[in-house]
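Before any comments, here is the structure.
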There are 2 protein chains.
Amino acid sequence: LCSSTRTPGGLEPLLRLCVDRYYISPGRANTERFRRGVRCSYGPLGTELRRNLLEQWWHSVSRSSAQVFGIESVSGSGDGAGAGAGAGPLRTVESELLTRLLERQELTKEQLVREALLLLQRSPAARADLLQGALEQFVPALELVNRKLPFGLAEAGPCFQPSDGSGCPAEVTQTSLVWFCSPRTSSQWLDHWTRQRLRWWRKFALSPSHFSSSEVPSEELIEAASRGVRIQYSFPWGPETLETLWSRGDAELLHTHQGVRSKLQCRDGKKSIPHVVSVTGNLDRGVMAFLSNSLQQLKREDSKQKLLQRTVLKLHPVLTPVKVALNISRGATVELRQVCEGLLQEFQEAKISAWPGYLETLPPSMEQLNAKYDEMGVLFTVVISENTLESGLLQVRSRDTTIKETMHVSEIRKFLSRYISVADTN
Amino acid sequence: LCSSTRTPGGLEPLLRLCVDRYYISPGRANTERFRRGVRCSYGPLGTELRRNLLEQWWHSVSRSSAQVFGIESVSGSGDGAGAGAGAGPLRTVESELLTRLLERQELTKEQLVREALLLLQRSPAARADLLQGALEQFVPALELVNRKLPFGLAEAGPCFQPSDGSGCPAEVTQTSLVWFCSPRTSSQWLDHWTRQRLRWWRKFALSPSHFSSSEVPSEELIEAASRGVRIQYSFPWGPETLETLWSRGDAELLHTHQGVRSKLQCRDGKKSIPHVVSVTGNLDRGVMAFLSNSLQQLKREDSKQKLLQRTVLKLHPVLTPVKVALNISRGATVELRQVCEGLLQEFQEAKISAWPGYLETLPPSMEQLNAKYDEMGVLFTVVISENTLESGLLQVRSRDTTIKETMHVSEIRKFLSRYISVADTN
């Protein structure tokens, strides 16, 4: 009766669904940003998905070892000669000041150029990546770990990618783990983190094989790196990089600290300068990958042999933005609403994100509602009816099986918590 | 025996402690940023404190009502004439492109000015605040709530504050709740959110009276607003604003959507255009306020009548970055370390942030350790000893009472969870 087909090459259905179901904001410019994997404007569901993904990333890097610390960096925050180094090619300029300067008639061309360059230099740098901030924080962190390797510094935040000459740089949300280890182990650590990261991406995937890793060919290595690995996702239009790992040696660390080796030395017998392994991801493209990976269009025949299509966003239970929708079956009495409100509060306290479907003033049919919730990726739909008031029983529909179960109102919170935590540990 | 004194005017002890105890990165420029309440470089403890504060903010605004939705906006993300409106006075410019342009000898001054202005216009805007993004997302959100008021859009993220002519803008992390309500209720909602926000700040304070709210005098009102309220913290050097609430009317919303009233109308009987109440906070200054509020210097006499000073960072249990430190009392055997590692994992799974003090190779005396942990704001210190292996008993010291208790190893996780959750609900 039921046959599943992967979404064909079509990108349009995914983009339409993401706009219609509050994942991203409407508008051509915005959907284009989304598709390119740069930061776009997210609606409530997209925001929650992004938060969940970031939370999972955070746990996976910090829980993987007691020696990973979160930081928040400002590039060039240190004092002295290191400040501003690697500040990146972008600057935040006050446009009014520059405009006013450019419009000053009395200046000669030379004066104008000199003043404009000064203004540019004084303007703060916009970060191109998070690496530099971690390299700057290496010294205090080294003290924190009693000069023992390995350890890591993790950060997530907005960065600006320079354009390729078009003058229009793009904002991306970067996740960064900078791992400091002894020189002889850096290649093993690169392999370790590649395995760990790939496993992480696949854990949340409906089709794990779409996520893959591959060694960066030597001609594409960046200057600092001796080895590199890319983790990619096969989008309908081709593979794109989600995360890049580099084994970077010690040159950048030394440069950041003006070559003062004594500050950088660790206790590993040989007083060596640590090597750096960087693991840099693009959170926005990660969101796009999981949305693309989760979209299923299922076909089935109804009783009259008419072909029906069901569109489901099968996001992983841990990632999906809405875990449960609360609805009333016909005739919203005050008592039924009170049951819903009580449940909503119970879910909120247990940090289970719930959708207040019972607030709709013109509720559509159950069929329309289920179709909408499937497209939103809502994991379970709870229906409260007159019967609930008498017997305490409610109906729970699963997004993934479409099976409806009857359950006691006192059990639903526990059931959901258990379901999500089991999915988390698998 | 014990007498408490508030930190005197001295700012230096606070800044020194924040640097020494991994709250912020060292360096004059960085501590100055921190003091000014703009985004600075945070160490591991500061990062965790900031995360906790942001999490609490998020819960308090989203849990307060089923009708607050999180968004992530990119200013000027819409299509059409509204795009770029209110984009703010800052632009992210590729400095190399501008430098190269300024250095082109063959251009006349007029050509140079024209090209530079074009480059500036093409460069993406850096947000000055999060309001515009929320106004742009009003239309899809209105559909989400079935055109029913009130509802809110919440966001947190980096923004750039224009300088006062110095050409050096600063980055701040803004929290924003944009609340849409019917015109006749906007003043009441302003009062509601003022009470709610002030209660929130005070909930986590050691000295709640240092947080206060005051009406903005009419001569200081911004153009759009009919009323405003500031929530301030009395720092040792004077009051500074943590959060500002404005009752803004409908003009900005209409302007953002080019005056198309039909798109903006709500179902409240009169088809009115909603009014906007904005609640805008500075997260970085909030972090600074709680650190300043929590620092206590306690004096007591020891048995020889020598005056001792104890410095404690009494951050609220929910906010404090390290809930528990795990240590071994003398002679770190393999078995004792295994107990610690088991507990560490148990804490991590329960999302209780723990400090692996047992990893220190040269552990200081218990007295030194307690002094250090007090300055870090560590809520409880657990000591595992040989005795733990025999009887399962360990010692737990409280930061706030300095009392040491004996507890069974199987009870500590529950004890901590309960302690934190009780502090959360009070």
Side-chain angles (χ1 to χ4, degrees), chain A residues 22 25-30 39-44 47-48 50-51 63 66 69-74 77-79 83 89-99 102 109 112-113 116-117 119-120 122-124 126 133 137 140 144 146 158 160 162-163 167-169 344 348 356 359-361, chain B residues 22 25-30 39-44 47-48 50-51 63 66 69-74 77-79 83 89-99 102 109 112-113 116-117 119-120 122-124 126 133 137 140 144 146 158 160 162-163 167-169 344 348 356 359-361:
Chain A
Y22 318 111
S25 294
R28 265 236 81 71
N30 198 52
R39 193 163 181 279
C40 71
S41 187
Y42 292 93
T47 302
E48 192 69 17
R50 206 164 161 276
R51 274 170 61 87
R63 225 192 271 172
F69 303 96
I71 57 167
E72 289 272 340
S73 70
V74 174
S77 62
D79 291 326
L90 298 160
R91 304 234 162 213
T92 307
V93 173
E94 282 190 82
S95 62
E96 211 184 291
L97 279 184
L98 184 57
T99 306
L102 290 170
K109 190 188 158 195
L112 191 78
V113 167
L117 287 173
L119 179 70
L120 192 61
R122 269 206 315 271
S123 302
Q137 287 217 23
L144 187 67
N146 292 297
F160 286 86
S163 68
C168 192
L344 188 73
Q348 281 178 336
L359 291 178
E360 295 221 27
T361 33
Chain B
Y22 318 112
S25 294
R28 265 235 80 74
N30 197 54
R39 193 164 180 280
C40 72
S41 188
Y42 292 94
T47 302
E48 192 70 17
R50 206 164 161 277
R51 275 170 61 86
R63 226 194 268 172
F69 303 97
I71 57 167
E72 289 272 340
S73 69
V74 174
S77 63
D79 291 325
L90 297 160
R91 303 231 164 216
T92 306
V93 173
E94 283 189 80
S95 62
E96 211 184 292
L97 281 183
L98 183 57
T99 307
L102 290 170
K109 188 187 161 196
L112 191 79
V113 167
L117 287 173
L119 178 69
L120 192 62
R122 268 208 315 273
S123 301
Q137 287 217 23
L144 186 67
N146 292 298
F160 286 86
S163 67
C168 193
L344 188 73
Q348 281 178 336
L359 291 178
E360 295 220 29
T361 33

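Just so it is clear, the values below take in all heavy atoms, side chains as well, and ignore hydrogens, waters and symmetry mates. Just so we're on the same page: letters track the sequence lines, and every chain starts at 1.
- Options B:Pro140, B:Gly70, B:Ala116 differ in how many heavy-atom pairs under 4.5 Å they form with chain A, and the most are formed by B:Gly70.
- Of the possible donor and acceptor atoms, one in the side chain of A:Thr47 sits under 3.5 Å from a partner among the backbone N and O of B:Glu72.
- Judged by distance alone, the side chain of A:Arg39 and the main-chain N or O of B:Ser73 form a donor-acceptor pair under 3.5 Å.
- Checking side-chain atoms of A:Arg91 against main-chain N and O of A:Ser123 turns up a donor-acceptor pair under 3.5 Å.
- Residue B:Leu144 touches chain A through both its backbone and its side chain, counting heavy-atom pairs closer than 4.5 Å.
- With a 4.5 Å cut-off on non-hydrogen atoms, B:Gln137 touches chain A through its side chain but not through its backbone.
- Within the 4.5 Å cutoff, the side chain of A:Leu98 has heavy atoms near those of the A:Leu119 side chain.
- Looking at B:Ile71, the atoms closer than 4.5 Å to chain A (heavy atoms on both sides) sit in the backbone and in the side chain alike.
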